[in-house]
Amino acid sequence: MARRIWIFDTTLRDGEQTPGVALNAEEKLEIAKQLAKMKVDVIEAGFPVASKGDFEAVKKIAENVKGPVIAALARANFKDIDAAWEALKYSENPRIHTFIASSPIHMKYKLRMSPEEVLEAAAEAVKRAKCYTADVEFSAEDASRSDVEFLCRLFSTAVKNGATVINVPDTVGYSTPEEFGELIRTLRERVPELDRVVVSVHCHDDLGMAVANSLAAVKNGATQVECAVNGLGERAGNASLEEIVMALVTRKDVYDVEVGVDTRQIYRTSRLVSSLTGIYVQPNKAIVGANAFAHESGIHQHGVLAERSTYEIMTPESIGLPSNRIVLGKHSGRHAFFHRLKELGYDVSEEDALKAFEKFKDLADRKKEVTDEDIEAILGEQMAAIPKVLELEYFLVSCGNQSIATSTVRIRKGDRVVEEASTGDGPVDATYRAIDRACGVACRLVDYSIKAVSGGKDAMGEVVVKVERDGRIYTGRGLSTDVIEASALAYVNALNKSFVNSGETGSR
Ligand code: KIV
Ligand code: ZN
C-alpha cells in the first residue's frame, strides 16, 4: 500500500508572517474552516505567546474547527509551551509544536547557547509539552545548515523525551533538492528512533526550491510536508500547498504516496486566502494562477479542443475550477444563482445564499454579465464581513486634469451621521482624507492595490488597502463597478476592523 503523506498547513502561522499580512481572529477562523473542508491533516493555527490576537485566534480555531489536528507553535521554553496549551486545550486533536535552533550560526549569535544547552532545552521543552498532550512536534530550526552529527543527537533526544513528530526545516531556503533529500535519508539511517515517529519537512522558497526540496524529502522517506496556501510565508514564502499536493497526486507514478486532501477545494481555498490576506496570486502561478489552465496559442487551443490531455496534465475540475463558465445576468433568478453557487463549491446557509443573491441582483443592474469571478468576489466579501461600526452612506467626488480633486463623504456611526469634505492629491486621496475627518481617526495608508475582478469595461474593481492605525496594520477590501466607491469601501472596511479590534463604538 502507498505511504500516506501528512499535509501540515502553516498558512495561519508561517503564512501570516508574510510581510504586510495581518489577519484577525474571524478571518483566521474562516480560513481554518476552509482548510478543514479541504481535509488537510494538520492546521498550524498560530503562535499563541506572540500576541493576544494570536492567542485568541488559536483558541477560536481549537474550539470550532473539527477534523484536522490543530497545532500551535512554541519556542523551547515553558512560557511559550504553557501559552500554546492554554490556547489549544479545547481542541479534540491538539498538537504542541516546539522548536529551537540547531545551526552553529543560530546557536552562537541568536540563542547564545552551547550545543549541550540546546540539547537540554529541547529535552525539557518536549517533556513539558508532553505533560499536556500526546501529540508533540519538535523542530530544529535551520536544520539544513546544522552539523548532521549534532542534528542526529538532537532528534534522538527529542524522540526519547516524547516527540511524536520530528520536523526538519530548511529555514532560510538554502538547500538544494539533492542535498535536502540526502539529509532526510541520512537522518533516517542514523537515528533509529525516527522509525517510530512522523518525519516532517518545512522548506522556505528563498532560492525558489521549496517545493522541489520538499518532494525530494518525500522521495527519501519524509512522511509530513509543511506548506502554505499560495506559497505564503516568511520572506519568499513556504512550499506552496497546492503545488505539493498536485505534484504528489499527478505524479503518483513517481512518488507512490497518498494524500488525504480533497483537491477540488484547492482553488476556492486559494481565492479565500488571497482575498483575506490581500496578497494577489500571480497569473502564471502553478495550479492556482489565472493562466494555469488558459491556452493562448492557436496550436495549443486546437490540441486541447481535440484532446485535453495534449496540453493539460491535470484537469481544471480536479482543483475545483468549474469548466463550464456560465454567465448570469439581471434576468437570472434565484434558482439559477443558487445552482451556480453549488457548482462553484459553495456550501452556504440559506440565509447567506439569499444575502449573496441580493448583492448579485444589485450588481446585475449595473453590469451586463455577472461571471463566476464576480460571484466569488461577492461571496468572499460576504464571508469576511465584520460588524459595521462605520458605514459609507454617500460620497461625491469632483476631479479632472485641470482641477483640484475634492470629495465629500457621509459616514454613519451608529445613530450619528457625519458629513465632511476634503481636497486631495487625486480623488482617492481626497476621499480618504474626508473619511479620516468624518471618523475622527488618524491613520496611515500603507498599501493600495486595485484589480478588475473579471474582463470588460464594466468589470467590478476590487480594491485592497492596508491601513496602519495605532501601530497595527488592517487589511480592507472593497468591491464596486465604481473604482472610487470600491476604494472608499475598502478604506472603511479596514477602519471597521481597527474599531472592532479596539472595541470602539465609533462615536467621538
Ligand atoms: O522556518 C522555520 O524554521 C520555522 C520553524 C519554526 C518550524 O518556521
Ligand atoms: Zn518557517
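Start at 1 and go down the list; that is how both ligands and their atoms are numbered.
Using modelled atom types, one finds a donor on one side chain and an acceptor on the other under 3.5 Å when comparing Asp436 with Tyr491. Donor-acceptor pairing under 3.5 Å is lacking for the side chains of Glu137 and Thr98. Judged purely by distance below 3.5 Å, without hydrogens or angles, the side chains of Lys285 and Ser240 pair a donor atom with an acceptor atom.
Within Asp14, the N, O or S atom at minimum distance from the Zn ion (ligand 2) carries the name OD2. In terms of distance to the Zn ion (ligand 2), the nearest N, O or S atom of His204 is named NE2.
For Glu124 and Arg128, the salt-bridge test fails: no basic side-chain N is under 4.0 Å from an acidic carboxylate O. Ion pairing between a basic and an acidic side chain is recognised when a charged N comes within 4.0 Å of a carboxylate O; Glu26 and Lys497 show no such pairing.
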Show me the short polar-atom pairs for ligand 1: any N or O of it lying under 3.5 Å from a protein N or O, with distances only.
{"residue": "ligand 1", "atom": "1 (O)", "partner": "His202", "partner atom": "NE2", "Å": "3.2"}
{"residue": "ligand 1", "atom": "1 (O)", "partner": "His204", "partner atom": "NE2", "Å": "3.0"}
{"residue": "ligand 1", "atom": "3 (O)", "partner": "Thr171", "partner atom": "OG1", "Å": "2.6"}
{"residue": "ligand 1", "atom": "8 (O)", "partner": "Arg13", "partner atom": "NH1", "Å": "3.4"}
{"residue": "ligand 1", "atom": "8 (O)", "partner": "Arg13", "partner atom": "NH2", "Å": "2.9"}
{"residue": "ligand 1", "atom": "8 (O)", "partner": "Asp14", "partner atom": "OD2", "Å": "3.1"}
{"residue": "ligand 1", "atom": "8 (O)", "partner": "His202", "partner atom": "NE2", "Å": "3.1"}

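Residues passing the ring-ring contact (aromatic ring centres under 6.0 Å, His included) test with Trp6, sequence neighbours excluded: none.
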Full working for side chain to side chain contact (heavy atoms under 4.5 Å, CB included) between His97 and Ser139: CA-CA 7 Å; His97 175 191; Ser139 286; 2.6 Å; yes
